[in-house]
Trainee: 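Take this structure, written in structure tokens, and hold onto it; I'll ask about it next.
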Amino acid sequence: MTAPVFVVEELPDGAGRGFVLDGPEGRHAVSVKRLRAGEDVVLTDGAGRWAEGVVAGVEGKDRLVVDLHGVREEPEEAPRITVVQALPKGDRGELAVETMTEVGVDAIVPWAASRCITQWKGERGLKALGKWRATAREAGKQSRRVRFPSVADAASTRQVASLLAKADFAAVLHESGDRPLAAAELPAGGDIVLVVGPEGGVSPEELAVFEEAGAVAYRLGRTVLRTSTAGTAAAALLLGRTGRWS
């Protein structure tokens, strides 16, 4: 789909005339995108429900009136891909979330690894998490998605291990891996969970915990990627190999 995407709290059950898009999304559509009558739009709740529509009119600076063609439900993709992302420095976390959202990752789990320079604590942690979630929402709109990735609360190493234990395929990007991710046998469905460590790498103790949970260490390639780009590169590889990019 190529029409611009806007997020709404909820959509009606079927087609309808005169649906009003207001608030921040309406303001963005009218004052920033400068949409006019006759132009196509897509409205979504970000959780899979969406509708194509045509702008019927503009009211003021922040109200777009849309005639909807009907509401659809986009099923979840299979296999589902979750990336456990160690906390990068500065704004590289938002960069990682943005690009992983654009390629099609289904869920992102922030991980407070032992070698992370950045640590999410108190109000600072809540603010950082909010930025990640806002980034996923905006990148979802930008990439024309109607099912945005979930961004979980920050997880501990034990919580990540629990997630890996439940996965149908669990991998850790690590320099000790003697298996290329490009040659891994992947499931046709279920859950794929991929762990991306911090700039300092996954510690031996963390790797042991993850391997005990059933994860396998894989290498991505010959080059060394930053933590903020490794997840996107690995996810793109998996998306291509599972057929989701077919």
Side-chain angles (χ1 to χ4, degrees), residues 1-26 28-29 33 35 39-55 64-85 94 96-110 129-153 155 163 166-169 186-194 231-232 234-246:
M1 68 185 64
T2 57
V5 174
F6 299 95
V7 181
V8 296
E9 290 298 323
E10 59 180 321
L11 288 163
D13 292 331
R17 300 175 65 85
F19 183 91
V20 176
L21 178 70
D22 54 12
E25 291 290 277
H28 185 73
K33 290 289 188 180
L35 296 179
E39 295 190 74
D40 295 328
V41 295
V42 170
L43 305 184
T44 180
D45 63 0
R49 295 192 81 227
W50 65 284
E52 293 177 324
V54 175
V55 178
L64 199 72
V65 182
V66 181
D67 292 339
L68 300 178
H69 298 326
V71 178
R72 310 179 199 178
E73 182 80 27
E74 180 176 282
E76 290 193 15
E77 297 278 7
R80 177 178 166 83
I81 297 178
T82 297
V83 176
V84 176
Q85 174 67 59
E94 287 105 276
V97 172
E98 179 180 55
T99 53
M100 286 191 288
T101 298
E102 289 173 357
V103 299
V105 167
D106 301 293
I108 300 167
V109 179
L129 178 60
K131 285 184 178 180
W132 280 36
R133 288 174 172 164
T135 298
R137 173 188 168 107
E138 293 306 311
K141 291 166 54 180
Q142 176 66 35
S143 56
R144 306 295 199 260
R145 291 181 63 167
V146 296
R147 187 181 289 277
F148 303 160
S150 62
V151 179
D153 292 341
L163 188 65
K166 299 173 184 176
D168 297 277
F169 176 84
L186 302 175
D191 291 298
I192 292 176
V193 179
L194 176 71
T232 301
L237 174 64
L238 295 174
L239 286 160
R241 293 198 56 228
T242 56
R244 283 183 47 176
W245 273 7
S246 300

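Each residue takes its place number in the sequence, starting with 1. Values reported hereafter were calculated over all heavy atoms of this structure, with side chains retained and with hydrogens, waters and symmetry mates removed.
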Trainee: Just by modelled atom types, is the D168 backbone N or O under 3.5 Å from a matching donor or acceptor in the D191 side chain?
Mentor: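 Checking the backbone N and O of D168 against the side chain of D191, no donor-acceptor pair under 3.5 Å is found.
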
Trainee: Locate the shortest heavy-atom distance separating F169 from P187; write the atom from each residue and the value.
Mentor: CB-CD, 3.6 Å

Trainee: Do L194 and T82 pass the side-chain contact (heavy atoms from CB on, under 4.5 Å) test, and can you show the C-alpha distance, the side-chain angles, and the key distance before you say yes or no?
Mentor: CA-CA 6 Å; L194 176 71; T82 297; over 6 Å; no

Trainee: So how far is it from F148 CZ to I108 CD1, rounded to the nearest 0.5 Å?
Mentor: 12.5 Å

Trainee: Please name the residue in the list E74, R145, E73, R147 that meets the side chain to side chain contact (heavy atoms under 4.5 Å, CB included) test with W50.
Mentor: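 Among the candidates, only E74 passes.
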
Trainee: Which distance, rounded to the nearest 0.5 Å, do you find between the CD of E39 and the CG of L64?
Mentor: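 Rounded to the nearest 0.5 Å, the CD-CG separation comes out at 9.0 Å.
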
Trainee: For the atom pair CD1 (I192) and CD1 (I81), what is the distance rounded to the nearest 0.5 Å?
Mentor: 5.0 Å

Trainee: Could you note down all residue pairs passing side-chain hydrogen bond (donor to acceptor under 3.5 Å, both in side chains) where residues 237-246 supplies at least one of them, sequence neighbours left out?
Mentor: D106-R244

Trainee: Might you point out which heavy atoms bring G189 and A78 nearest each other, and give the distance in Å?
Mentor: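 Heavy atoms of G189 and A78 come nearest at CA-CB, 4.4 Å.
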
Trainee: Report yes if the side chains of V66 and V54 come closer than 4.5 Å at any heavy-atom pair, otherwise no.
Mentor: no

Trainee: Check the pair R72 / E52 against side-chain contact (heavy atoms from CB on, under 4.5 Å), numbers first and verdict last.
Mentor: CA-CA 9 Å; R72 310 179 199 178; E52 293 177 324; 3.1 Å; yes

Trainee: Looking only at heavy atoms, what is the nearest atom pair of G70 and A51, with distance?
Mentor: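 Looks like O-CB, 3.3 Å.
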
Trainee: Minimum heavy-atom separation for L129 to A152, with atom names?
Mentor: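 Looking at all heavy atoms of both residues, the shortest contact is CD1-O, 3.3 Å.
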
Trainee: Evaluate V109 against V83 for side-chain contact (heavy atoms from CB on, under 4.5 Å), listing each step before the verdict.
Mentor: CA-CA 6 Å; V109 179; V83 176; over 6 Å; no

Trainee: Under 3.5 Å, which donor-acceptor pairs link side chains of residues 4-25 to any protein atom two or more places apart or in another chain?
Mentor:
{"unit_1": "E25", "atom_1": "OE1", "unit_2": "V7", "atom_2": "N", "d": "2.6"}
{"unit_1": "E25", "atom_1": "OE1", "unit_2": "K141", "atom_2": "NZ", "d": "3.2"}
{"unit_1": "E25", "atom_1": "OE2", "unit_2": "K141", "atom_2": "NZ", "d": "2.8"}

Trainee: Between V105 and P149, which heavy-atom pair has the shortest distance, and what is it?
Mentor: O-CB, 3.4 Å

Trainee: State, yes or no, whether a side-chain contact exists between R49 and V71 at a heavy-atom distance under 4.5 Å.
Mentor: yes

Trainee: From T101 OG1 over to E94 CD, what is the distance, rounded to the nearest 0.5 angstrom?
Mentor: 11.5 Å

Trainee: Would you sort out whether Q142 and E98 count as a side-chain contact (heavy atoms from CB on, under 4.5 Å), showing the intermediate values?
Mentor: CA-CA 10 Å; Q142 176 66 35; E98 179 180 55; over 6 Å; no

Trainee: Taking salt bridge (charged side-chain N to carboxylate O under 4.0 Å, His left out) as the test, write out the residues that go with D153, two or more places apart.
Mentor: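 Listed in chain order: R133.
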
Trainee: Which pair of heavy atoms, one from V146 and one from T44, lies closest together, and at what distance?
Mentor: O-OG1, 3.0 Å

